[in-house]
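All residue numbers refer to positions in the sequence shown, counting from 1.
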Amino acid sequence: MKIVGIVARLLLGLVFLVFGANKLFPFMPSGPMPTGVAGQFITALVSTRYLMFVGLCELVGGLLLLVNRYVPLALTILGPVIVNVLLTGFLMARQGIPAGLVVTVLWFIVFFRVRSNFAGLFVARTQS
C-alpha cells in the first residue's frame, strides 16, 4: 500500500505541476474555447487573471507533492482546485468529469496516507 501512495502522490504532483505551469506559461496547445456557459466561465477566469492564481496554486501544490514536503499543506491547497474541476465538469462541461474523478481518487489515496495530520479537523468539539 505504501508504493500505491507514493505513485499516487507523484502522479498527482506531476499532473498539477504540468497543468499549473501551463496556466502560467502556456506551452501546450489549448483546444477550441468551450461554448455556452462553460465558455463564459473560462472567459471570466482568464480576463480577471483569476486563472493565473489557480495555476499558481496548482504549481505550488504539485511541487510540494513531488518533493514530498508539506504534503498535508499541498493537499489543502489542491482540494478546492479539485472541487472546482469536478463542479465545472458536472455543471458546465461534461468532458472534464473523467480527469476530475482521476485526480480526486489520487487525492484521496494520498490523503489516506497522511490522514493523521488532519485529525484535529474532525474533532466535534474544541476545548474552551
Exercise for review: Looking only at non-hydrogen atoms, find the nearest pair between Met52 and Leu24 and report the distance.
Suggested key: O-CD2, 3.4 Å

Point to revise | Worked check of side chain to side chain contact (heavy atoms under 4.5 Å, CB included) between Leu86 and Leu101 | key: CA-CA 7 Å; Leu86 286 171; Leu101 291 176; 4.0 Å; yes

Exercise for review: Answer whether the closest heavy-atom distance between the side chains of Thr43 and Met33 falls below 4.5 Å.
Suggested key: yes

Check your understanding: With the 4.5 Å side-chain cut-off for hydrophobic clustering, are Ile82 and Val102 part of the same group?
Key -> yes

Check your understanding: Is Val105 reachable from Val4 through a run of hydrophobic residues whose side-chain heavy atoms are each under 4.5 Å from the next?
Key -> yes

Practice item. Among Ile109, Val7, Leu75, Leu66, find the residue that satisfies the side chain to side chain contact (heavy atoms under 4.5 Å, CB included) test when tested with Leu12. Key: Leu75

Study note, to complete from the structure: Of all heavy-atom pairs linking Ala8 and Val110, the shortest is C-CG2, 3.7 Å

Check your understanding: If you round to the nearest 0.5 Å, how far is CG of Leu17 from CG of Leu10?
Key -> 11.5 Å

**Study point:** side chain to side chain contact (heavy atoms under 4.5 Å, CB included) assessment of Val18 paired with Met28
**Key:** CA-CA 10 Å; Val18 169; Met28 292 188 297; 4.1 Å; yes

Check your understanding: Quick one: do Met92 and Tyr50 end up in the same hydrophobic cluster if we chain Ile, Leu, Val, Met, Phe, Trp and Tyr together by side-chain heavy atoms under 4.5 Å apart?
Key -> yes

Review point. Between CZ of Arg9 and CG of Asn68, what distance do you get to the nearest 0.5 Å?
Key: 3.5 Å

Review point. Measuring from Leu65:CG to Leu14:CG, what's the distance to the nearest 0.5 Å?
Key: 10.5 Å

Check your understanding: Is there a path from Val71 to Val67 through hydrophobic residues (I, L, V, M, F, W, Y) whose side chains come within less than 4.5 Å of each other?
Key -> no

Study note, to complete from the structure: Gly96 and Val85 have their tightest heavy-atom pair at O-CG1, 4.4 Å

Check your understanding: Would the number of heavy atoms belonging to other residues, nucleotides or ligands and lying under 6.0 Å from CD1 of Ile3 be above 12?
Key -> no

**Study point:** In one Ile/Leu/Val/Met/Phe/Trp/Tyr side-chain cluster, 4.5 Å: Phe53, Leu45
**Key:** no

Review point. In Å and rounded to the nearest 0.5 Å, what is the CG to CD1 distance from Leu91 to Ile97?
Key: 9.0 Å

Study note, to complete from the structure: Closest non-hydrogen atoms of Ala74 and Gly61, given as atom of the first, atom of the second and distance, are CB-O, 3.6 Å

**Study point:** Over 12 non-hydrogen atoms of neighbours within 6.0 angstrom of CZ in Phe27
**Key:** yes

Revision key, fill the gap. Rounded to the nearest 0.5 angstrom, the CG-CZ distance for Leu78 and Phe111 is 13.5 Å

Check your understanding: What are the two closest non-hydrogen atoms of Phe19 and Glu58, and how far apart are they?
Key -> C-OE1, 3.5 Å

Check your understanding: Trp107 and Val81: side chain to side chain contact (heavy atoms under 4.5 Å, CB included), yes or no, with the steps?
Key -> CA-CA 11 Å; Trp107 188 93; Val81 174; over 6 Å; no

Revision key, fill the gap. So OH of Tyr70 and CD1 of Ile77: to nearest 0.5 Å the spacing works out to 11.5 Å

Practice item. Under the side chain to side chain contact (heavy atoms under 4.5 Å, CB included) rule, what do Leu64 and Leu73 come out as? Steps first, then yes or no, please. Key: CA-CA 8 Å; Leu64 290 175; Leu73 176 61; 4.2 Å; yes

Review point. Quick one: is the NZ or CZ of Arg115 closer than 6.0 Å to the six-membered ring centre of Phe112, and within 45° of its axis?
Key: yes

Practice item. Grab the two heavy atoms, one from Phe118 and one from Phe122, that are nearest each other, plus how far apart they are. Key: O-CD1, 3.3 Å

